[in-house]
Amino acid sequence: MIEITFKDGNQKPFEPGITPEEIAGSIAPGLKKKTVAAFVNEDLYDLNRPIYEDAKVDLITKDNEIALEVLNHSTAHLMAQAVKRLYPDAKFGVGPAIKDGFYYDIATEHTIKEEDLPKIEQMMRRIVKEQESMTREEITKEEALKRFKDDPYKQELIGDLEEGEIISVYTQGEFVDLCRGGHVGNTRHIKHFKLLSVAGAYWRGDSDREMLQRIYGTSWFTEEELKKHLAVLEDRKERDHRKLGKELKIFMLDKKAGQGLPIWLPNGYTVRRTLEDYVYKLERKHGYKHLSTPVLGTKELYETSGHFDHYQDDMFPLMKDGDETFVLRPMSCPHHMIVYNSELRSYRDLPLRYAEIVIQHRYEASGGLSGLERVRAMTLTDSHIFARKDQIKQEVLSAYNLINKVITDLDLEIDYLELALRDTTKGKFHDDDQLWDEAEATLKQLLDEEKIAYREVKGEAAFYGPKIDVQVRTAMDHVITMSTVQLDFLLPERFDLTYIGDDGAKHRPVVIHRGLISTWERLMSILLEQYKGAFPTWLAPVQLKVIPVSLDAHQDYAEALHETFTDLELRSEIDLRNEKLGYKIREAQQAKIPYQLVVGDKEVEDGSITYRRYGEKEQVTVSKATFIEMVQQEIKNKTR
RNA sequence: GCCGGAAUAGCUCAGCUGGUAGAGCAACUGACUUGUAAUCAGUAGGUCACGGGUUCGACUCCUGUUUCCGGCACCA
């Protein structure tokens, strides 16, 4: 007998060779149904993998996050088996579980199309009915290489494994796959799944290697969960900023205007301008000085900064004019360095915080462009803080606080901070090790002292220095870099920046690059998706819509109201078209205007206002003064 | 940039296996003069993304280009 120890400390003897499924069954039939896999001495075990020695066993039930991963991973195998049956020449790359789903990379002569997916699903269901056991087997590397001798992808994967490492293969019916495991034991446990899309994906994520066909799918324990997830995907389509941006006339793209070069329409620009003003005022309050520099600069400027060496591929082609060559700037730092150098600086001048609403151009790969999310012409609030070394901590923290304030005001949340460091094996970073060590240590120490949690990522630094990236999770479940604070000891060297210290000698300042809102383009895409197009009142392109019941009787009052609002700098519109009331209301609702005001006899009589909030059915009648006070408070507090 | 798909009226879309296009909404005109999500009628609107080819004939088939979409790679 072997001794199984459970998480709660209880122990129970079992026959050697007992499986997690049987253990669960021995405790309760309900538990058996709920159990998907198990941790045996920390190792992930399949439901049907025998246990031969004393062990700690932690059953993984369906409510556990890992259970869903196991299920999805098993569904990937199931799909691969189905694909192999339909397209026998298929070879397989990797097929992992991902968040809310799975994928498998496939190489086959047959081009897999969306319309093939139902066919594959059908085959999957057939295999489920066959109740194939998913059986684990452990073999040597040599044996594994022999078994998969016809599969170049598996050969490569096996070749990369350490000598002596346990290599496991899984067999279900006629299908055998190399796999670390954690499976549901039998295909009959896989019931509620859907294949979602086909796409191309480079083998091993390397753009220099061949491209495989990738099928994405999702798998759940219940039909309700599956439906719920599909509904989430539907909702994301509704939220898509490209769809909303068009419907609400926020921005447009036009082939003739240029790929990836968005045009801000009046509605979108109103929102952006409101945000710009907000950030501008906030920055002033935090001691920033605003300036403006050109979109074009000499190549020499960017050679001095090092951008040209490190960034050339991301820049638009050069412009030559006689002996001079110009670049469309991808960043604004060099200009700010020039400004710093334009005067003799004293230690008393520091910190010097320059901020600018910058237009910059990056020659992004055409395939990556998408709506306002990935563009080639972008606008952002950029800032460079010139500081003494003893001011770094204070300045980084102050920037971080500003970032926090803005993110909170925009109803967003920081998901995590990323401390991006260099990777010495890669050539894309400047090579002064001493500067790097100092900069990285400074940031790390600062975060640690302030007990700010972060994830360290090697190789993600800027070429000139390490950075703290503020990662935000969007309504589309994407993690994006919203803000960034970068420590730079390099550009001060490159541009020979100095200040006169209290000792009368020249010293080198430090530059802190601070990005606040990603870019206005990307921020707009995020906010559109976040609010589903229904902006809070302070941001809404149109805040109030005044609709008279009858033009004859109520137009004057409606116009007087509209004028009052406009004088108070509220963004009001009045609908004087010869249309039915219901029609105007429908349009106002579709435009997601926060307040629609219908004025008729009653309102004219007592000088009141009847309003209806966007998305609500309720109509509220209040005095004019009360209404104005309410809306102004709402705007001031940035509440909805 | 790479793999795959798509492109029809301002918008959303229909158009079977080749016989030169249709709806709803929007626009315009007229009637109606309205109390919370579409009043009625009429009019106009398309080089079927662009170029080449096959064919008696191409929105439809082939091909090149452009842009967009799903991903990959890259990335704010």
Side-chain angles (χ1 to χ4, degrees), chain A residues 93 103 105-107 111-116 196-216 237 240 242-243 246-247 249 252-260 311 313-314 330-331 358 360 362-376 378-382 460 462 467 469-472 480-484 515-523 525-526 545 547-555 578-591 596-603 610-612 614-619 621:
Chain A
Y103 66 77
D105 286 348
I106 304 156
T111 302
I112 301 168
K113 305 205 170 139
E114 296 266 339
E115 61 242 39
D116 293 325
L196 298 171
S197 61
V198 224
Y202 294 111
W203 169 234
R204 311 209 86 179
D206 183 344
S207 57
D208 290 330
R209 306 200 61 178
E210 70 267 37
M211 190 159 254
L212 307 180
Q213 304 187 66
R214 173 174 295 180
I215 303 178
Y216 285 94
K237 273 191 212 160
D240 191 318
R242 291 164 301 189
K243 178 172 150 52
K246 185 182 256 182
E247 284 170 5
K249 301 188 180 165
M252 63 175 284
L253 286 157
D254 186 90
K255 224 196 289 198
K256 204 167 262 178
Q259 194 185 17
Y311 223 80
D313 290 348
D314 296 312
M331 288 172 174
V358 175
Q360 54 192 37
R362 294 186 189 170
Y363 195 70
E364 296 288 331
S366 61
L369 300 173
S370 175
L372 284 182
E373 201 187 332
R374 279 292 283 282
V375 295
R376 283 178 168 172
M378 62 204 82
T379 335
L380 62 155
T381 294
D382 203 7
E460 293 298 316
K467 55 182 184 169
D469 281 345
V470 179
Q471 305 297 101
V472 164
I480 59 110
T481 303
M482 184 67 171
S483 319
T484 183
L516 192 54
I517 44 80
S518 177
T519 64
W520 292 119
E521 285 77 14
R522 185 171 283 181
L523 179 66
S525 77
I526 292 165
K545 186 84 158 189
I547 305 172
V549 172
S550 154
L551 289 183
D552 288 342
H554 316 122
Q555 178 166 347
N578 186 14
E579 289 290 353
K580 294 275 188 255
L581 182 60
Y583 181 86
K584 294 183 182 181
I585 283 159
R586 179 163 188 270
E587 272 197 358
Q589 290 289 324
Q590 280 179 333
Q596 59 179 44
L597 280 50
V598 174
V599 296
D601 289 341
K602 197 174 67 178
E603 288 75 17
T610 299
Y611 69 85
R612 179 171 149 188
Y614 168 72
E616 286 174 13
K617 287 269 176 256
E618 191 194 4
Q619 297 158 42
T621 304

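Given the structure is predicted, the values throughout are model-derived calculations rather than measurements. Naming convention: chains lettered A, B, ... in sequence-line order (proteins, then strands); numbering from 1 in each chain.
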Asker: Once you round it to whole Å, what is the distance between P of B:C69 and CG of A:L253?
Answerer: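 Spelled out: CG on A:L253 to P on B:C69 is 8 Å.
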Asker: Starting the side chain at C-beta, find the nucleotide from B:A49, B:A37, B:U34 nearest to A:K617.
Answerer: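 My answer, after comparing the listed nucleotides, is B:A37.
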Asker: When the nearest nucleotide of RNA chain B is assigned to A:M482 and to A:G600 on a heavy-atom basis, which residue is associated with the more 5' position?
Answerer: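 The answer here is A:G600.
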Asker: The side chain of A:A199 lies closest to which of these nucleotides: B:A76, B:G70, B:C72?
Answerer: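 Of all the options, the side chain of A:A199 is nearest to B:G70.
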Asker: B:G1 P sits how many Å from A:Y363 OH, rounded?
Answerer: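 Rounded to the whole Å, the gap is 7 Å.
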Asker: Are any non-hydrogen side-chain atoms of A:Y611 and A:Q619 less than 4.5 angstrom apart?
Answerer: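 SC-SC contact between A:Y611 and A:Q619 ruled out.
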Asker: Has the side chain of A:E115 got a donor or acceptor that lies under 3.5 Å from a partner of the other kind on the base of B:G5?
Answerer: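 Answer is no: no donor-acceptor pair is held.
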Asker: Across the strands shown, which category fits A:S518 at heavy-atom distances under 4.0 angstrom: base, sugar-phosphate, nothing?
Answerer: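 Sugar-phosphate: the residue A:S518, judged by heavy atoms under 4.0 Å, touches backbone atoms but no base.
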Asker: Let me know the distance between CD of A:E521 and P of B:A76, rounded to the nearest Å.
Answerer: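 A:E521 atom CD is separated from B:A76 atom P by 15 Å.
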Asker: Give one of base, sugar-phosphate or nothing for A:R242, where a contact means two heavy atoms less than 4.0 Å apart.
Answerer: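 Touches sugar-phosphate only.
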Asker: Evaluate A:T481 against A:Q471 for side chain to side chain donor-acceptor pair (under 3.5 Å), listing each step before the verdict.
Answerer: CA-CA 5 Å; A:T481 303; A:Q471 305 297 101; 2.8 Å; yes
Asker: The side chain of A:Q596 is closest to which nucleotide in this list: B:U36, B:U33, B:A76?
Answerer: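 That would be B:U36.
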Asker: Among B:G35, B:G71, B:G4, which is the nearest nucleotide to the side chain of A:V598?
Answerer: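 So the nucleotide nearest the side chain must be B:G35.
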Asker: Is a donor on one side and an acceptor on the other found under 3.5 Å between the side chain of A:Q589 and the backbone of A:G615?
Answerer: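 At least one qualifying donor-acceptor pair exists.
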Asker: Please answer whether the main-chain N or O of A:Q596 pairs with a side-chain N or O of A:R612 as donor and acceptor at a distance below 3.5 Å.
Answerer: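 Pair absent, no side-chain N/O of A:R612 close to backbone of A:Q596.
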Asker: Any idea which of B:G35, B:A76, B:A37 is nearest the A:E364 side chain?
Answerer: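 That would be B:A76.
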Asker: Please pick, from B:U67, B:G71, B:A76, the nucleotide with the shortest atom-to-atom distance to any side-chain atom of A:Q259.
Answerer: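 Nucleotide nearest to A:Q259's side chain: B:U67.
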Asker: Should the pair A:E579-A:K584 be classified as a salt bridge under the 4.0 Å nitrogen-to-oxygen rule?
Answerer: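 A salt bridge is absent here (no side-chain N lies under 4.0 Å from a carboxylate O).
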Asker: We want to know whether A:S197 and A:E114 form a side-chain donor-acceptor pair, criterion being a heavy-atom distance below 3.5 angstrom.
Answerer: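 The criterion, which ignores hydrogens and geometry beyond distance, is not satisfied for A:E114 and A:S197.
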Asker: Within this structure, what is the CZ-to-P distance between A:R374 and B:A73, rounded to whole angstrom?
Answerer: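 Whole-Å distance recorded here is 12 Å.
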Asker: Report the residue (A:L212 or A:M378) whose heavy-atom-nearest nucleotide on RNA chain B is the more 5′ of the two.
Answerer: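 Result: A:L212.
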Asker: Side chains of A:Q213 and A:T111: do they bring a donor and an acceptor to under 3.5 Å?
Answerer: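 Not at all, the side chains of A:Q213 and A:T111 share no donor-acceptor pair under 3.5 Å.
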Asker: Going by the rule salt bridge (charged side-chain N to carboxylate O under 4.0 Å, His left out), which residues pair with A:E587 if we only count those two or more places apart in sequence or in a different chain?
Answerer: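 Applying salt bridge (charged side-chain N to carboxylate O under 4.0 Å, His left out) to A:E587 gives A:R577.
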Asker: Counting only distance, no hydrogens or angles, is the base of B:G71 paired donor-acceptor with the side chain of A:Y202 under 3.5 Å?
Answerer: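 There is none.
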Asker: Using a heavy-atom cut-off of under 4.0 Å over every strand shown, decide if A:Y103 touches base, sugar-phosphate, or nothing.
Answerer: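 Nothing, no nucleic acid heavy atom in range.
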Asker: Measuring only the P atom in each nucleotide, how far is B:C11 from B:U47? A whole number of Å is fine.
Answerer: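 Between the two P atoms, the distance is 13 Å.
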Asker: When rounded to the nearest 0.5 angstrom, what is the spacing between OG in A:S518 and CD1 in A:I526?
Answerer: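 Here the rounded value is 5.5 Å.
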Asker: Classify the side-chain pair A:E603/A:T610 by whether it contains a donor and acceptor separated by less than 3.5 Å.
Answerer: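 There is such a pair (donor and acceptor under 3.5 Å, judged by atom type) between the side chains of A:E603 and A:T610.
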Asker: Between A:R214 and A:Y216, do the side chains contain an N or O donor and an N or O acceptor separated by less than 3.5 Å?
Answerer: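 Distance-only check passes for A:R214 and A:Y216.
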Asker: Below 4.0 angstrom from OP1 or OP2 of B:C2, is there any side-chain N or O of A:R209?
Answerer: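 So the side chain of A:R209 is outside the cut-off, no N or O lying under 4.0 Å from OP1 or OP2 of B:C2.
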Asker: I'd like to know if A:K580 reaches the base of B:C32 with its side chain, counting only an N/O donor and acceptor under 3.5 Å.
Answerer: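 Per atom types, the contact qualifies.
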Asker: Between atom CG in A:D105 and atom C1' in B:G71, what is the gap in whole Å?
Answerer: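 The distance from CG of A:D105 to C1' of B:G71 comes to 10 Å, rounded to the nearest Å.
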Asker: When you get a sec, tell me which of B:G4, B:A76, B:U36 is the closest nucleotide to the side chain of A:T610?
Answerer: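 Of all the options, the side chain of A:T610 is nearest to B:U36.
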Asker: Determine the contact category for A:K602: base if any of its heavy atoms lies under 4.0 Å from a base atom, sugar-phosphate if only primed atoms, P, OP1 or OP2 are that close, otherwise nothing.
Answerer: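 If one applies the 4.0 Å heavy-atom cut-off, A:K602 turns out to touch a base.
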Asker: Under 4.0 Å, counting only non-hydrogen atoms across every strand here, what does A:A201 touch: a base, just sugar-phosphate, or nothing?
Answerer: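 If one applies the 4.0 Å heavy-atom cut-off, A:A201 turns out to touch the sugar-phosphate alone, with no base involved.
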Asker: Of all the choices, B:A76, B:A73, B:C2, which nucleotide is nearest to the side chain of A:A365 once you look at every atom?
Answerer: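 Closest of the options to the side chain of A:A365: B:A73.
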Asker: At under 4.0 Å between heavy atoms, what does A:S550 touch on the DNA or RNA strands: base, sugar-phosphate, or nothing?
Answerer: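 The residue A:S550 makes no contact with any strand.
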Asker: Using a 3.5 Å limit on both distances, find every run of at least three consecutive Watson-Crick or G-U pairs that involves RNA chain B.
Answerer: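 The stems are B:1-7 with B:66-72, B:10-13 with B:22-25, B:27-31 with B:39-43, B:49-53 with B:61-65.
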Asker: Restricting to nitrogen or oxygen on both sides, can you table the protein-nucleotides 23-29 of chain B pairs closer than 3.5 Å?
Answerer:
{"from": "B:A26", "atom 1": "OP1", "to": "A:Y583", "atom 2": "OH", "distance (Å)": "2.9"}

